[in-house]
Structures are given as structure tokens and as C-alpha cells.
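Notes follow the structure.
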Amino acid sequence: MDPPGASKRFAVCLSVLVCAAGLFVRAAISLNPYSGAGKPPMFGDYEAQRHWMEITFNLPVAEWYVNSTDNDLQYWGLDYPPLTAYHSWACGAVAHYLNPDWVALNASRGYESREHKLFMRYTVLAADVLVYFTAAFAYCVLYGMQGKAMINQAALTLLFLLQPALVLIDHGHFQYNCISLGLALWGITAVITQHDILGSVAFSLALSYKQMELYHALPFFFFLLGKAFRGERPGQKVVLLGVTVVATFGICWLPFLTSRDLVFQVFSRLFPVGRGLYEDKVANVWCTLSPVIKLKQLLTQACLLRLSTAATLLAVLPSSWNLLWNPVPYRFILALVNSSLSFFLFSFQVHEKSLLLASLPVSLLITHHPQTATWFGIVATFSMYPLLVKDGLALPCWALCGLFYSCCRVLLPEQKMHWLLRALFTASLFLLLLLCALSHVVLPPPRLPDLFPVLISGYSCAILSASFLYFHCLQFGTRGETYQSVSRP
């Protein structure tokens, strides 16, 4: 018999080891270059985050999203919701306390020093630990490995923390996706474990941090609505959820509700339709079609917006409607995958990094479909390979994906899968890795300098489109009683 407190001490030791492993990997990745390092005049996402700290700390709230002499929106103007702005203000206040030069208004553009880089990297690490790490632990303990041995819970949490795409983008390229994704994961965990009000608050906060969380919005809405219809006093439950969501958004947005013009200005920054259908080489349908069908030349911006909106709704509604009538956790997670892939493949103004929104729910399937989730995690990472190469993160990409794959092979059971399907998964990944490797050793023709980025994004789009169909088959082929909600802990 174990001595009193031995199990608790073992759990604490395991948690510390898992956190230490996650932090070590992130620290190692952060030693590499970041987006726009030493590349004036615009630099990159690192400078964007620093600039937002400068703007929010030095200007009144009402001017954060408004173009002025002190806030040139053409130079990394703030284009995320208020919770991002508040986070930038808090980081800016700390930066000003440590060294006012880091956020000096109009005088700190492109600021790069060793101390400032350390500060910026530490802000991402702190946010990651406080939001994403805690959410990952909560999901694994309360649902993903509920009732299983602590060693299994720790193993699953470690795989969550080693997701290569998220680590490379946040701690290499430089962003704070860990906050919005961590809040979304808190929301997923809460609604699956019957804490619907808390889940609604968490997801509303995620959406108030990054508008791309709209990729997950319809599954949350239909899952909660379907659960409410099947419970006692459904009308009261729906009203309570609605009030919770409105109150959460109201509190987050309160400083910007002083005038209609300011609200419109903020929304125009959050949804900048003038930027075009897509940016750079992204593995979605519109970018993949562009070398063959010049949609930007054939159609007006307004027509492209309507086309992409219609295509996205047609792609996302079947899985969401199916979830409404079968609101069980496993189907909810699959609907999150299908919704985020629908938005990534078909919506307007998509970035390569938006695939992180699909990677999150796919990673939640790792206990049910271990090989599939491992495969998708690596595919999602290499679909962004041209961006990672541009940032000087090619070697860390290969190393981290190798570490992730090795850990999955050791810690996960073998997935039952038809040999043909397994062969397709293996061959598709091998060809993607081969394309990425060839981009370093084969010179493209002078008239086609972007040959490999186009090939990588186009081939990745084909893989993601096949994944979209595959995950739909999983969702619609699932019996309604599979993976029922767990009871409230």
C-alpha cells in the first residue's frame, strides 16, 4: 500500500516534469530567429507585437484602432479584438517599467536588443504556461484521460505541449496564439464536462482575443444549443447562455462602446476585406486555384467576398447541423475540426497560421485516432514550411517534428486502420516532406522563383481537402451514443 500522500507527490512530480519538458522545448525554439528580424522597414510579427505595446501604453483607449499622426495604421496597426489590446497594454506597462525605450512613442520602431528580445520571449512563455499549459492539463485530467493512470494523463499532456506548429509559430515566428487557443481549450473542456456557463465565458474570451476563433464558433453554438434542447427547461438554459455571452463580450468591449463610429472603426480593423482574398502562399482552395484561375482578375473584391462566404457556409453547416441533433463530446470535437478546416480552405483573408485552429481539435482526437492526429500535426506544420524557411526556422521545424513523431510512436497505442488508408497517410506525408527537402537542393527556374512555395501550398491544400472529407466521414459515421458527456467533476 502506498504511504499517505505518495500519489499526490507522484502527480506533482509528473506535472513538473511535463511542464519542464514543454518549457525546455519552447526555450530551445526561442533561441532561433523570429519574424522580420533585422529586416526594415516593416520588420515582422515580432515588431507588430512590440508596436502594439507601444501604441496601447502611450495612447488613450479611444485611439488604439484609429489612424492618426501617432498611430499610423499602415505600420502594423492594431487588428485584433480588445482582449489582445489589453494584453498588449499590460506587457507595454511592464516593458516601460523595465526600459522606457522599448515602448517610446514613435521612437522605438524596429527596436531590437538582447534584453528586449529576452523580455518579448518571456512574455510568450508566461502566457503559454498560464493559459495553454493549464488548459492542456485540465483537458487531459478531466476528460481526455479521465480515470486513467496519472502516467497516461502526463503522457497525453506532454503530446499536447509538443504540438510542433503552435510551438514554432509562437516561440519561433513570434505570436501569442497560445492565449486564444488556450482559452478555447478551456471552453472545450468546460462544456464537455457539463460546465456550460464557464465554457461560454472562456470561449467568448477566446473570441475577444482573436477573431479567428470564429472558426470554432458554430460548433460551440450548436453543441450548447443541442444540449440545452435535451435538458430540463431548455428555454431558461438558452437565455442564461445568451446572457452570459452578451455580458462577457459587453465587459470586454465596454471601453469601445462609447460611439457608433468607434465600434465601426474597430470592426473595420478586425475584418479588413480590402486586403484581398488571401495573403502569401497559403494552403487553401483560393490560393491553390490562383495559378490556373485568376480569380482576383476575373471577379471584383465584393464578388470574391460573397463567393468565399457562400462556400464557407456550405462547407461548415452540414457538420454543425449534424452536431445540433447529436450533441456528444466526440462529435463536438470532430465538428470543431470540420468547421476550422472549412474556414481555412474556403473563407476570405486566410493566413498560413490559421491552420493552428484546426490543429487544436485534431490534437484532442489523439487518444481515439493516434496515428491520424500525429500525421495531421506534422502535415499542418509543413504546410507552413515556406513561412518557416523565411523566418530561418527550417532546421527547428524538422527537429521538432521529429521529436513530436518519436514521442507519439513511443507513448501512443497503434491505431486500427485499413492498410490502404494507412498507406495513403504515409505516402501523402512522405511526398510533402520530400517536396520541402527538395526546395533546399533544387534550384527553381528563373521565371518561376516561387515554384516550391506554390507546390508545397498546393499539395498541402490537396491533403487538407482530403482530411476535410475524412473527418466528415468520421463525424457522420459516428453513432449518437459514442463518447457521451462525462459527469461534472
Side-chain angles (χ1 to χ4, degrees), residues 139-140 143-146 156 159-160 163 165 184-185 188-189 191-192 215-223 226-227 283-285 312-346 355-380 383 408 412-429 432 460-486:
Y139 176 84
C140 295
Y143 181 72
M145 281 288 177
Q146 186 195 33
L156 181 60
L159 296 180
F160 276 21
Q163 287 293 322
L185 184 52
I188 292 168
T189 304
V191 299
I192 283 176
Y215 285 32
H216 296 149
L218 284 177
F220 263 94
F221 174 78
F222 283 108
F223 183 59
K227 287 174 67 179
N284 79 339
V285 168
T312 304
L313 288 174
L314 286 173
V316 76
L317 284 177
S319 62
S320 298
W321 185 255
N322 174 263
L323 179 63
L324 175 65
W325 303 109
N326 303 277
V328 292
Y330 176 67
R331 200 182 295 265
F332 171 51
I333 294 171
L334 285 168
L336 287 168
V337 176
N338 290 323
S339 175
S340 50
L341 281 175
S342 299
F343 274 87
F344 181 82
L345 289 170
F346 299 107
L355 195 53
L356 293 173
L357 291 144
S359 295
L360 174 67
V362 172
S363 68
L364 304 184
L365 296 170
I366 204 163
T367 53
H368 308 315
H369 305 280
Q371 273 68 55
T372 303
T374 303
W375 169 85
F376 190 90
I378 297 174
V379 166
S383 74
C408 289
L412 295 174
E414 191 72 17
Q415 178 181 338
K416 292 182 179 179
M417 186 185 296
H418 191 278
W419 69 268
L420 181 58
L421 189 59
R422 189 183 300 277
L424 286 173
F425 275 113
T426 303
S428 62
L429 179 57
L432 179 58
S460 298
C461 177
I463 296 178
L464 295 172
S465 299
S467 303
F468 172 76
L469 298 176
Y470 174 75
F471 286 116
H472 269 80
C473 290
L474 286 181
Q475 180 177 344
F476 283 86
T478 299
R479 294 183 179 181
E481 69 273 9
T482 305
Y483 304 110
Q484 291 288 345
S485 300
V486 299

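Just so you know, residue 1 is the first one in the sequence shown, and it goes up from there. All of these numbers come straight from a predicted model, not from anything done at the bench.
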Stepwise, does the side-chain contact (heavy atoms from CB on, under 4.5 Å) test hold for T374 with L159? CA-CA 9 Å; T374 303; L159 296 180; over 6 Å; no

Nearest 0.5 angstrom please: [X] [atom1] to [Y] [atom2], how far?
| X | Y | atom1 | atom2 | value |
| --- | --- | --- | --- | --- |
| F223 | H216 | CZ | NE2 | 14.5 Å |
| Q371 | L421 | CD | CG | 11.0 Å |
| L365 | S363 | CG | OG | 8.0 Å |
| L357 | F344 | CG | CZ | 10.0 Å |
| L218 | S340 | CG | OG | 11.5 Å |
| I188 | L336 | CD1 | CG | 5.0 Å |

Please walk me through it: do V337 and L364 pass side-chain contact (heavy atoms from CB on, under 4.5 Å)? CA-CA 10 Å; V337 176; L364 304 184; over 6 Å; no

Does the [X] side chain pair with the main chain of [Y], one donor and one acceptor, at a distance under 3.5 Å?
| X | Y | value |
| --- | --- | --- |
| S339 | Y215 | yes |
| S320 | L317 | no |
| R422 | Q415 | yes |

Which pair of heavy atoms, one from [X] and one from [Y], lies closest together, and at what distance?
| X | Y | answer |
| --- | --- | --- |
| A358 | P361 | O-CD, 3.2 Å |
| P219 | A335 | CG-O, 3.5 Å |
| A283 | L345 | O-CD2, 4.0 Å |

Under 4.5 Å between any side-chain heavy atoms of [X] and [Y], yes or no?
| X | Y | result |
| --- | --- | --- |
| F471 | S319 | no |
| Q475 | N326 | no |
| F476 | N322 | yes |
| L355 | L341 | yes |
| C408 | I366 | yes |
| L314 | F346 | no |
| Y330 | H368 | yes |

Is the gap between the ring centers of F376 and Y470 under 6.0 Å?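 Centroid distance F376-Y470: not below 6.0 Å, so no.
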
Are F220 and F332 an aromatic pair by the rule of ring centers under 6.0 Å?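 Close enough - the centres of the two rings lie under 6.0 Å apart.
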
Side chains of S428 and W375: any donor to acceptor distance under 3.5 Å?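 On atom types as modelled, these side chains qualify, holding a pair under 3.5 Å.
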
